[in-house]
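Working notes, beginning with the structure itself.
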Amino acid sequence: MKQFPRSDLLNRLPKQFFASLVKKAGQYIEKGFDVINLGQGNPDQPTPDHIVSKLQEAATNPINHKYSPFQGFGYLKQAVADFYQREYGVKIHPEKEVAILFGGKAGLVELPQCLLNPGDNVLVPDPGYPDYWSGVAMAKAEMVTMPLKEENQFLPKYDEIADDVLEKAKLMFLNYPNNPTGVIATPDFFAETVELAEKYDICIVHDFAYGAIGFDGVKPTSFLQTKGAKEVGIEIYTLSKTYNMAGWRVAFAVGNESVISSLELLQDHLYVSLFGAVQEAAAMALTGPQDCVRELNQMYERRRNVLIEGLRSIGWNVTAPKGSFFAWLKVPQGFTSEEFANFLLEKAHIIVAPGIGFGTYGEGYVRVGLLSSEERLKEAVRRISSLEIFKK
Ligand SMILES: Cc1ncc(COP(=O)(O)O)c(C=O)c1O
């Protein structure tokens, strides 16, 4: 077969680090081992019934069999504005300040292409969600990493970024509650971010994928609750985690009007809009009963407690996440993150994500997902406790 060479664009894309681990794990599963997969970020619970019912009903409406309007239905944008008002007390103009997205991932990858020219600097967290890198590569922009260190509560230190880098920076990605570290941001940190953005003309993109998941009674802060935030940036909110709708591919961007209109312009060339029935179900999710969200949050908190207390009881001194559904655990001495992930797979048949896959500053950690039942998490702790290195 004739081989057609890939474009320069495809060749620029970052390598998928986790593919090799997934492949190796697959080999263990094929051999019949009972593998506990704590490596991925796929919600394990179903979408709440009232949202699914809305989709079923809306799927029979012929209006939804036609092309949806470009940029989405007005009722969904209004539902987004109502959601922000109700949850965060933030006023959003439904027509000018909301863009509907095919999942947060799509928006995150589109944004650099909307706002950057080749050579522009983009500030990204390290460790961070790898999709930020893909959009940057597509736009031929330059990625500058901001180390997230434990001693700084995994928040970037803006005074450690060189002035000339900030002068060239056009875009910054932030994400709290944070994947992979599980920390949440303080209102002071967001205020400092707005100040920096104003001074250097940087567009802030706050990825609020885990906005609904905060522990110990703390509700994560929206970036848009910060004074002046809408002047300097946007927030991306996905329904994937809040409502267990990862397969539905629906999210939205809210905030700065010029950024929203750039996103919509690019999307006009890529898509029409989401299936109308998905838009109706998304509006139902945002404005319907919210008990499901509270219950989900409590379930993740119980799982967190089982995991963290279990690991501490066997002598692994781990930090409890404050939000998101991930725990970020320091690997025992003598292992790199990749070696430890391989060790857990080989000796305990447990999959975790090696920190190095999220960036250089992820070295020394593994990410553990809270996406298995309490029983499975207890079983994981039991298997880990039987490993020689954890025997006292
Ligand atoms: C930090 C972060 N941002 C964005 C997303 C994208 O979510 P989706 O594309 O399902 O909206 C994820 C998904 O895992 C994530 O972890």
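Numbering of ligands and ligand atoms starts at 1, following listing order. The model shown is predicted, which means the values in this text are computed figures rather than measured ones. Numbers here are sequence positions counted from 1.
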When clusters are formed by joining ILVMFWY residues with side-chain heavy atoms under 4.5 Å apart, either directly or through shared neighbours, do M143 and L166 land in the same one? no

Short N or O contacts of ligand 1 with protein, under 3.5 Å, listed by atom name?
from	atom 1	to	atom 2	distance (Å)
ligand 1	3 (N)	D207	OD1	3.3
ligand 1	3 (N)	D207	OD2	2.5
ligand 1	9 (O)	G104	N	3.3
ligand 1	9 (O)	K105	N	2.9
ligand 1	9 (O)	R249	NH2	2.7
ligand 1	10 (O)	S240	OG	2.6
ligand 1	10 (O)	R249	NH1	2.9
ligand 1	11 (O)	G104	N	2.6
ligand 1	11 (O)	T238	OG1	2.6
ligand 1	11 (O)	S240	OG	3.4
ligand 1	14 (O)	K241	NZ	2.7
ligand 1	16 (O)	N179	ND2	2.8
ligand 1	16 (O)	Y210	OH	2.7

Main-chain N/O of A348 paired to R383 side chain as donor or acceptor, under 3.5 Å: yes

Cationic tip of K2 within the cone over F4's six-membered ring, i.e. under 6.0 Å and within 45° of the normal? yes

What orientation do Y158 and F189 show, parallel under 30°, tilted 30 to 60°, or perpendicular over 60°? parallel

Name all pairs fulfilling the salt bridge (Lys or Arg N to Asp or Glu O under 4.0 Å) condition that reach into residues 263-280, sequence neighbours left out, sorted by first residue then second. K77-E264

Same hydrophobic cluster for V109 and I236, using side-chain heavy-atom links shorter than 4.5 Å among ILVMFWY? no

